[in-house]
Amino acid sequence: PPRSTLSNSSAASDVYKRQMIYLCHTKYLQQQIINEFPEAAKLWGRSNYPCLLNKLATAAECCHTKQSPCEYKRSLCDYELAKRKVLASPLRILNYDYFLTECNFVGNLSGHDLIICDEADTIENILSSFISLRLPYKFMRSLGIGMPKYKTPTEKNGLSDWINWAGVSKKKVVRQITDYQSMLRSCTTESEQVELTKKINRLNSFVTSLSMFIEYVDETWLFMVDNNGSYTFKPTWITEGLANQYFWRHGNRFVLMSATPPPVHVLSKLLGLSVKDIEYIHVPSSFDPSRRKVVLCNDAANMTYKTFDREIPKLVRLIKKIMAAHPTEKGVIHTTSYKVADYLINHIETDRFITHTGDNKHDVIDMFMRTNKPAVLVSPSADRGLSLDYDKCRFIIWAKAPYLSLSDKMVKSRLYGSGQYGRDWYKFNMLQTVIQGVGRGNRHADDYCTAYICDKQIIKAITSNVTKIPVYFRESLVIA
């Protein structure tokens with residue numbers, strides 16, 4: 001658990017007198033850690049701090065330069081004060097995005113002896129997003145930058161044409177930044193200052209992405225075009241070189257914490273590591289397995305693409321049965337897609353269902369958490385980041401295996417182009433999501449929640465890989 005790990009690590013920091021970093025995803029989690037460990041110090045991204053010189057700006061639009069210094073920079077700037085507090089603290093609470101940006105482009109937070117990574121199973125996605133090159137159509141058009149002659153990298157000269165294009169584009173963007181900086185020095189209004197600074201920041205970020213692309217792109221990177229004509233390049237896998245350059249070199253030792261770690265050979269592939277550099281430590285759960293049962297339903301439906309229409313009525317009957325067994329308790333149904341969610345809502349007559357769209361998810365979940373009625377949240381996207389302790393949730397249903405979509409070029413490339421690594425990654429990614437979703441309703445040792453696996457595809461993946469899933473999850477399994 002994060003609390004005990006952080007406590008032990010904090011003690012180690014006192015012994016060795018070395019500074020350490022705790023990484024998590026959100027400001028909410030950063031504040032949660034600070035509440036439990038007030039001796040720690042947190043730092044958010046610059047856009048979360050106001051600019052004292054320009055009321056329309058944040059610290060992200062800071063215009064301080066040697067030629068035009070800000071009078072508040074050294075003494076009153078909220079961001080600078082928070083950063084100094086963090087740099088003076090032995091225990092620093094940061095989020096991943098800020099850590100990557102600060103370490104790779106500023107350097108003040110690089111070189112720690114110990115870095116603790118919460119939700120470590122998501123590091124690969126964060127790194128991939130950080131490294132990828134995105135070319136939004138409207139943005140490129142606004143810069144007056146056209147595309148190379150050979151747009152598909154797999155064409156003859158295609159990849160080299162893109163690399164040459166990136167070099168030429170980088171020089172053009174640098175010139176544009178210089179022009180904006182000249183305009184910034186002569187602008188007279190606060191609003192103009194903010195807008196110019198935002199443009200400069202975005203262009204500087206784009207130059208950085210182009211530089212990474214030029215240095216690291218190869219034939220294994222994926223090239224994607226969306227419906228708006230925007231292009232994206234991203235690595236199929238994070239290589240050892242990429243991982244070392246942008247993550248591992250910033251610390252001496254790392255503790256990767258996750259309730260759903262993949263098998264070690266998959267983890268090494270995801271994070272550009274050698275298997276021999278990874279030590280797995282399984283920490284037993286302090287929660288009684290009898291209070292967190294995971295029921296593998298004997299009458300589960302077989303929810304594949306081919307059998308969907310035939311099997312979903314069977315799923316409806318099973319869910320009705322489970323809901324009838326919990327008439328006065330709140331629950332969650334993980335549907336994986338809006339298609340399944342809509343079918344259940346339209347074919348199960350009940351006033352207990354609460355569901356959401358992409359636009360009102362936060363408000364609907366908040367309403368679900370506050371209601372005292374035996375509501376059932378039907379959602380395709382509530383498997384992470386949700387804490388439904390005690391009476392907020394007493395049962396959870398997995399309606400369909402949350403396999404990643406094969407329409408995604410990255411998923412398809414890994415699954416069919418990377419041998420056993422790709423097949424194992426695809427399968428265990430699904431199981432990770434299932435385990436995360438099951439954990440939404442059991443948050444404390446004295447809490448209880450029963451989960452029901454209602455898709456034979458999930459049950460098959462669990463039973464055929466039972467020795468490779470976390471021990472704490474394995475010991476909660478029940479067949480009924």
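One-based numbering along the sequence shown.
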Identify every side-chain donor-acceptor pair in residues 192-200 under 3.5 Å, counting partners at least two apart or on other chains, and give the distances.
unit_1	atom_1	unit_2	atom_2	d
Glu192	OE1	Thr189	OG1	3.2
Gln193	OE1	Asn54	ND2	3.0
Thr197	OG1	Gln193	O	2.7

Next item on the list: Can you run down the salt bridge (charged side-chain N to carboxylate O under 4.0 Å, His left out) pairs that involve residues 362-391, sequence neighbours left out, and say none if there aren't any?
Entry: Glu119-Arg384, Asp121-Arg384, Asp366-Arg370, Asp389-Lys392, Asp391-Arg394
Note to self: For the residue pair Thr307 / Thr304, report whether a side-chain donor-acceptor contact shorter than 3.5 Å exists.
What the structure shows: yes
Check: Listed by chain and number, what are the side-chain hydrogen bond (donor to acceptor under 3.5 Å, both in side chains) partners of Lys320, not counting sequence neighbours?
Finding: none
Check: Between the side chains of His250 and Asn104, is a donor N or O closer than 3.5 angstrom to an acceptor N or O?
Finding: yes
Check: Are Asp118 and Tyr22 side-chain neighbours, meaning at least one heavy-atom pair lies under 4.5 Å?
Finding: yes
Notebook entry, point to check: Taking the six-membered ring of Trp425, is the NZ or CZ of Lys427 close enough (under 6.0 Å from the centre) and on axis enough (within 45°)?
Noted result: no
Item checked: Residue pair Ile459 / Asp455, side-chain heavy-atom distance below 4.5 Å -> no
Next item on the list: For Gln436, enumerate each residue passing the side-chain hydrogen bond (donor to acceptor under 3.5 Å, both in side chains) test, keeping only those at least two apart in sequence or located in another chain.
Entry: Thr260, Arg440
Note to self: Against Cys297, only a single residue in Val478, Leu318, Ile453 fulfils side-chain contact (heavy atoms from CB on, under 4.5 Å); can you say which?
What the structure shows: Leu318
Next item on the list: May I ask you to decide if Tyr98's main-chain N or O and Asn95's side chain share a donor-acceptor pair within less than 3.5 Å?
Entry: yes
Note to self: List the residues meeting salt bridge (charged side-chain N to carboxylate O under 4.0 Å, His left out) with Lys83, not counting sequence neighbours, and say none if there are none.
What the structure shows: Glu102
Next item on the list: Determine, for Phe428 and Arg423, whether the Lys NZ or Arg CZ falls below 6.0 Å from the six-membered ring centre while staying within 45 degrees of the axis.
Entry: no
Next item on the list: List in chain and number order the residues that pass side-chain hydrogen bond (donor to acceptor under 3.5 Å, both in side chains) with Trp237, two or more places apart in sequence or in another chain; answer none if no residue qualifies.
Entry: Ser418
